[in-house]
Asks: 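Just dropping this structure here.
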Amino acid sequence: MTNSNGLPFQVAKTENFFDKLGDYVGDVFYDVLPEQGYEVRDEQIYMAFQLEKAFKDRSTVFAEAGVGTGKTFAYLIYAICYARYKGKPAIISCADETLIEQLVKRNGDIEKLEKALGITVDVRLAKARENYICARKLDELVDETEDEAIVRVHDAIPEFVYDNSAVKKVFERYGDRKEYPWVSDETWEKIAWDPLQQCSTCEFRHRSGQTLNREYYRHAKDLIICSHDFYMEHIWTKDSRKREGQIPLLPEACTVIFDEGHLLEFSAQKGLTYRFNSETLQNVLTGYMGQDVREESLYIIEDIITLHEDWFYSLGQSAIAVTGSNRKEVDLTSEMRRLVSTLFEKVEKLLDQLVFDAEMFTIDEYHLRIIEEYLEFYHHGLSIILKDNEGIFWLEENKASTTLVLMPRLVEDVLKNEVFSKDIPIVFSSATLSQGGDFSYLAKSLGIESYQSFSVESPFDYEEQMKLFGHIEYDTDEKWTKVEKQILQNNGSTLVLFSNVAEMNHFRSWANSRSLPVEIFYEGDQEISEIIKEFQNRKESILCAYHLWEGLDIPGEALSQVIITSLPFPPKDPVFQAKRKHAVDPDREVDTPYMLLRLRQGIGRLIRTREDQGVIHIWMKESEENKYRKELMGVLPVEINWE
């Protein structure tokens, strides 16, 4: 008999699920997929049966699989079958939206698997809040803007969102970034959710795009796909959301698969980040003062507001700008620490007073909870600042406001308790998880004490399929001229990877003065999946990007050349500066591993099938070539030819 939960194979009551699963996986890879015209590789089959042990033991496994292994099909089959067996969805956490798109796009991996296996997969996307329209921001902006892109978005919003009548309405999902591909990243920030929004008190709360989409994906039967950032936000907020009577961002899962899992640590740090906007505390406390509170509380509030203003003034005066970033480095001087210590004590005292004020029943309970929640958040953030070597701090400034950002330096203890202590199978999948076959560096940084691991090489013949050229940069304009020549010689079909947005914008300014006879797509000008689709459909074009070092999958003639304009070292921003500060040898422990890993990922964008052919160009400074020659030789798939 077939299980009622829709397994694609039969399991009798007397039979073991994993025995039948193993038989089914064997049938799929040895018979079904080849009959459907898929080229099944030994490396893919090996990976599939290695994953079986992790699911059977409910353990953590590092599955390092080279480009072209077909790792996605392997983990999808296990995730779908295990979800149906357990009656809970599997979560697939991806590095970013580009990877998510590869899975769910038309004729993407999930659709291909559905057709090959003759099944229908219930897959739903769970996106981070900044991927949705903020109805309130949009409504406030549309009457004062001349930006046609914003007006078009407003016109596309369903009528029920701004309809305050008592007429019964039918709500539908809307507001996803992907629905408005014409909007640039810069414009999107003006109309999307941001951390300064007070969603709990917003009049559009139950009609917002993120609320309606969240209600939809929570009911997925098979797969929920999200980004690492969103998964980590779920982990850090689930307990507080439960305390406040809210549902966690994600439902309970039977298994979690981290695709491009080597990027999880930074997402974990981001998920634990505290953001203190210069105006938010004052707004919260002003609302508190408007309630019927005791005089003693009012005096404390006035002291806190004054101290807070003094603190942010000092931060603004002493912060140092970081080139190529909107982050400013902050030096927490002894004087500033004394100010923060006093502020900490005042907020602690106000939290105590809040208990007495609440007992007078003069403050609305809902309003009281909002005030208390923010003060506890603020108080805990101050406690991190007062501890040595626990936090990373920086300042972000724009025309409207100033924000102090606090990020934990280490996250392994929290991850160990909140993620890896759960009795479920967890899979890390990537082409770059180890350092020379050693997975201990990644395991330690994530707080993973017990794990299984394996590595399988790429099945591609790189010697036959790829040529790799190295170039020394002596002058930037001269480099751009040679990059232009490389692009034209290849008739476009080129991905140009930059180390950061500043470098891409420098090339953009140079290219605009040259009027290159090929179409150039720049990351950020439109929604990213739309840009990739246009580049893929226009053979003689160029895609310029600084985020697409991993996840981009464009086989065939559409992408036959990758130009890496500089070695991708980590930025000199406060996060990596903190890592360097606490390393014995910063170059060896922080900069070089990051650069080599990112370089391997960038090179992996070129050859996606056995039929692909192409060229890689890597640019670097002469000093870098002298310093890192040995390390580069150790990670490059073919010998480098210097020009």
Side-chain angles (χ1 to χ4, degrees), residues 62 64 66-67 95 260-269 322-325 327 329 392 407 409-412 428 430-446 453 455 457-458 462 468-473 479 497-503 546-550 562-606 616-640 642:
F62 292 120
E64 185 174 56
V67 177
E260 302 296 355
H262 62 283
L263 299 172
L264 187 64
E265 181 190 6
F266 184 63
S267 292
Q269 286 179 304
V322 178
T323 305
S325 172
R327 297 172 176 176
E329 288 190 43
I392 303 167
M407 177 184 283
R409 187 173 66 83
L410 300 173
V411 293
E412 61 261 35
F428 283 82
S430 174
T432 51
L433 292 174
S434 71
Q435 296 183 354
D438 181 5
F439 295 86
S440 60
Y441 176 80
L442 180 60
K444 183 177 183 298
S445 68
L446 296 174
S453 64
S455 298
E457 295 294 326
S458 170
Y462 286 114
L468 198 156
F469 297 96
H471 307 271
I472 301 298
E473 174 189 346
K479 176 176 71 172
L497 287 172
F498 301 89
S499 293
N500 52 60
V501 65
E503 186 182 31
Y546 56 97
H547 274 138
L548 298 180
W549 293 79
E550 55 265 311
V562 174
I563 300 175
I564 295 171
T565 61
S566 60
L567 293 183
F569 289 100
K572 302 295 183 184
D573 70 4
V575 176
F576 283 97
Q577 292 291 53
K579 287 179 177 290
R580 295 181 185 99
K581 178 182 175 183
H582 292 90
V584 176
D585 185 343
D587 181 64
R588 185 180 180 83
E589 296 175 37
V590 179
D591 293 348
T592 303
Y594 178 97
M595 179 270 289
L596 294 175
L597 186 149
R598 204 154 176 79
L599 188 63
R600 288 169 64 192
Q601 288 284 346
I603 291 170
R605 297 315 96 212
L606 181 66
I616 300 278
H617 293 280
I618 303 174
W619 286 84
M620 67 192 77
K621 293 181 168 57
E622 186 174 21
S623 58
E624 294 170 341
E625 191 273 329
N626 292 331
K627 185 174 183 179
Y628 299 105
R629 174 184 283 269
K630 183 179 178 181
E631 286 82 358
L632 291 170
M633 295 306 104
V635 301
L636 297 178
V638 297
E639 187 176 342
I640 190 167
W642 291 97

Asks: Using a 3.5 Å distance criterion without hydrogens, assess whether the side chain of E550 forms a donor-acceptor pair with backbone atoms of A95.
Replies: no

Asks: Report the relative orientation of the aromatic rings in F62 and F428; use parallel for angles under 30°, tilted for 30 to 60°, perpendicular for over 60°.
Replies: tilted

Asks: How long is the span from the CD atom in E624 to the CZ atom in R629, to the nearest 0.5 Å?
Replies: 13.5 Å

Asks: If you look at every heavy atom in G437 and S434, which pair is closest and at what distance?
Replies: N-OG, 3.1 Å

Asks: Could you measure the distance from the CG atom of L446 to the CD atom of E412? Nearest 0.5 Å is fine.
Replies: 8.5 Å

Asks: Using side-chain heavy atoms (C-beta onward) and a distance below 4.5 Å, is S499 in contact with F569?
Replies: no

Asks: Between Y628 and D591, is any side-chain donor less than 3.5 angstrom from a side-chain acceptor?
Replies: no

Asks: Using atom types as modelled and distance alone, determine if a side-chain donor or acceptor of R580 lies under 3.5 Å from a backbone N or O of K572.
Replies: no

Asks: Closest heavy-atom contact between P593 and V590?
Replies: CD-O, 3.5 Å

Asks: Is there a side-chain contact between H262 and E260, using heavy atoms and a 4.5 Å cut-off?
Replies: yes

Asks: State, without any angle test, whether R598 and Q601 hold a side-chain donor-acceptor pair at a distance under 3.5 Å.
Replies: no

Asks: Tell me the closest heavy-atom pair linking F498 and W549, and the distance in Å.
Replies: O-NE1, 3.2 Å

Asks: Which pair of non-hydrogen atoms, one from F439 and one from S455, has the smallest distance, and what is that distance?
Replies: CZ-OG, 3.4 Å

Asks: Is there a side-chain contact between M620 and I472, using heavy atoms and a 4.5 Å cut-off?
Replies: yes

Asks: Determine the sole option in L497, I618, V67 for which the side-chain contact (heavy atoms from CB on, under 4.5 Å) test with I603 is passed.
Replies: I618

Asks: What heavy-atom pair brings A431 and R600 nearest, and what distance separates the two atoms?
Replies: O-NH2, 3.2 Å

Asks: Among I640, L599, L468, which one satisfies side-chain contact (heavy atoms from CB on, under 4.5 Å) with I616?
Replies: L468

Asks: Out of curiosity, S430 OG to L264 CG, how far, rounded to the nearest 0.5 Å?
Replies: 11.5 Å

Asks: Would you give the length of the straight line joining atom CE of M595 to atom CG of L597, rounded to the nearest 0.5 angstrom?
Replies: 11.0 Å

Asks: Given the rule in the side chain to side chain contact (heavy atoms under 4.5 Å, CB included) test, do R605 and L548 qualify, once you have shown the distances and angles that lead to the verdict?
Replies: CA-CA 9 Å; R605 297 315 96 212; L548 298 180; 6.0 Å; no

Asks: Which of parallel (below 30°), tilted (30 to 60°) and perpendicular (above 60°) describes H471 and H617?
Replies: tilted

Asks: With sequence neighbours excluded, what pairs up with K479 under the salt bridge (Lys or Arg N to Asp or Glu O under 4.0 Å) test?
Replies: E473, E503

Asks: Taking the side chain as everything from C-beta on, heavy atoms only, tell me whether M407 gets closer than 4.5 Å to F266.
Replies: yes

Asks: So which atom in Q269 and which in V411 form the shortest heavy-atom distance, rounded to 0.1 Å?
Replies: CG-CG1, 3.8 Å

